[in-house]
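Every value quoted in this text rests on a predicted model; they were computed, and no experiment measured them. Each ligand, and each atom within it, is numbered from 1 in the order the structure gives. Residue numbers start at 1 and run along the sequence shown.
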Amino acid sequence: MKNKVSIIGAGMTGSTTAHWLAEREFADLVLIDIVDGMPQGKALDLQEALPIIGKDVSVIGSNDYEATANSDIVIITAGLPRKPGMSRDDLLFANADIVRKAVEETIRHSPEAIYIILTNPLDVMAFLAMKVAQIEPYRVIGQAGVLDSARMRAFVAMELGISVENIHCYVLGGHGDNMIPLTRTSNIAGISLDQTMPPEKLAAIVERTRKGGGEIVSLLKTGSAYYAPAAAVAQMAEAILKDKHLIVPAAAYLQGEYGLNDIFFGVPTQLGRKGVERIFEYELDEEEMAAFQRSAKDVTDNIAKLEL
Ligand code: APR
C-alpha cells in the first residue's frame with residue numbers, strides 16, 4: 001500500500017509541498033483547506049500534471065477531514081501568513097486556534113500519524129500539536145531548521161561560488177530573530193565556515209539568514225516564502241517515509257538535551273519511520289550556549305502565553 005500524506009492548508013506552502021512531494025512519487029496526497037473548492041481545484045490541477053511528468057500518485061483535495069483518514073504523515077501549514085512589519089509571534093493566538101482544530105480533526109482520523117508542523121510560530125505550534133493530539137513527542141516535528149540552514153547555504157554558495165552540495169550549515173534554536181546560525185560547526189567540505197571568509201562577510205551572511213523570512217516578505221508584499229519552506233517539509237517527509245535516518249536541523253521536543261526541558265527547539269534531529277529517532281548534542285562554547293538560552297526564552301515565553 002502506498003504511503004499517504006495529508007497537507008492541512010492548501011495555500012502557497014501547502015500546495016507547493018504537494019508539488020514537491022508528487023514529483024517524488026512516494027505517497028498519495030490529500031490537500032485540505034477551509035476555502036471551498038480551492039483544495040479540490042489545486043489537487044485536480046496537480047493530478048492532471050502527473051501524466052506529463054510520469055508520476056503515479058493520487059492527489060485529492062477536500063474541505064472534509066475524513067479524506068485524511070489513515071495518513072502516515074500530517075503536515076500542518078494552515079494559518080495566517082505573515083504580513084510586512086508583522087512578527088511571527090503576532091500570529092500566535094490566531095494560528096493556535098487553527099492548528100488546534102487541524103490536530104483535533106486529523107488525529108481522530110489518523111491515530112498513528114506523524115506530524116510535521118510549519119504554521120508559525122512553529123516551535124510553539126509543535127508543542128500545541130503534541131498536547132492536543134496527546135501523542136508521543138517523537139511523532140511531532142517542527143520545520144524551520146532545514147529552511148533557515150538552506151538559506152544560509154544559499155548565501156554562502158553565492159558568496160564563495162561553491163556548490164551548495166559542499167556547503168553544510170546548521171541553524172539551530174527557535175525560528176525567530178534569535179535563531180542560531182552556528183558558524184563554527186557549519187562547514188564547507190569539512191572546513192569550518194569561520195575559516196572560509198572574512199569575519200565581516202560571515203557576519204553579513206548570519207544577519208541575512210536571521211532575517212531571511214522577512215526579506216522575502218518585504219519583496220513579495222503579500223504573503224511569505226513558500227518554495228524553500230515547502231522543499232524543506234518535503235525533505236523531512238521523505239526522510240520519515242523512507243526511514244532514511246537523516247539528520248536535519250528541526251524542532252524536536254527536548255527533555256534535558258542542551259540543558260532545555262519541555263520545549264520544541266531547533267536541534268540536529270535524526271528522522272526515520274517512527275519520527276524523531278535521535279537528537280544530537282553539539283559541544284557549544286560559551287557564546288553559543290548564551291545564544292541558545294536567549295532563543296529558548298523566546299519559545300518558552302510564547303508557550304506560556306498559550307496557557308496549555
Ligand atoms: N483550516 C484549514 N485551512 C485553513 C484554516 C483552517 N482553519 N485557516 C486558514 N487556512 C488556510 C488558508 O485558507 C490558506 O489557504 O491556510 C492556508 C494558508 O496558506 P497561505 O495563506 O498561502 O500561507 P502560506 O504562505 O502557505 O503559509 C502557511 O506557514 O509560514 C507559515 O505561519 C505561516 O501560517 C503560515 C503558514
Identify the two heavy atoms, one from [X] and one from [Y], that lie closest to each other, and give their separation to 0.1 Å.
X: S295; Y: G174; answer: OG-N, 2.8 Å
X: E25; Y: K55; answer: OE2-CA, 3.5 Å
X: A232; Y: L147; answer: CB-N, 3.9 Å

Can you label the angle between the Y282 ring and the Y170 ring as parallel, tilted or perpendicular, going by 30° and 60°? perpendicular

Of the choices [options], which has the non-hydrogen atom that lies closest to [atom]?
atom: atom 16 (O) of ligand 1; options: G79, P121, P39; answer: G79
atom: atom 32 (O) of ligand 1; options: V99, D33, N120; answer: N120
atom: atom 35 (C) of ligand 1; options: L80, T119, I98; answer: L80

Would you say ligand 1 has an N or O under 3.5 Å from any N or O of G9? no

For T13, is at least one N or O under 3.5 Å away from an N or O on ligand 1? yes

Numbered atoms of ligand 1 (with element) below 4.0 Å of [X], judged on heavy atoms:
X: N95; answer: 32 (O), 34 (O)
X: M38; answer: 15 (O)
X: V35; answer: 13 (O)
X: L118; answer: 29 (O), 31 (C)

Test log, rule side chain to side chain donor-acceptor pair (under 3.5 Å), inputs N187 and S192: CA-CA 4 Å; N187 68 83; S192 171; over 6 Å; no

For D285, check salt bridge (charged side-chain N to carboxylate O under 4.0 Å, His left out) against everything at least two apart and list the hits. R184

Run the ring-centre check on F265 versus F292 and record whether the distance is less than 6.0 Å. yes

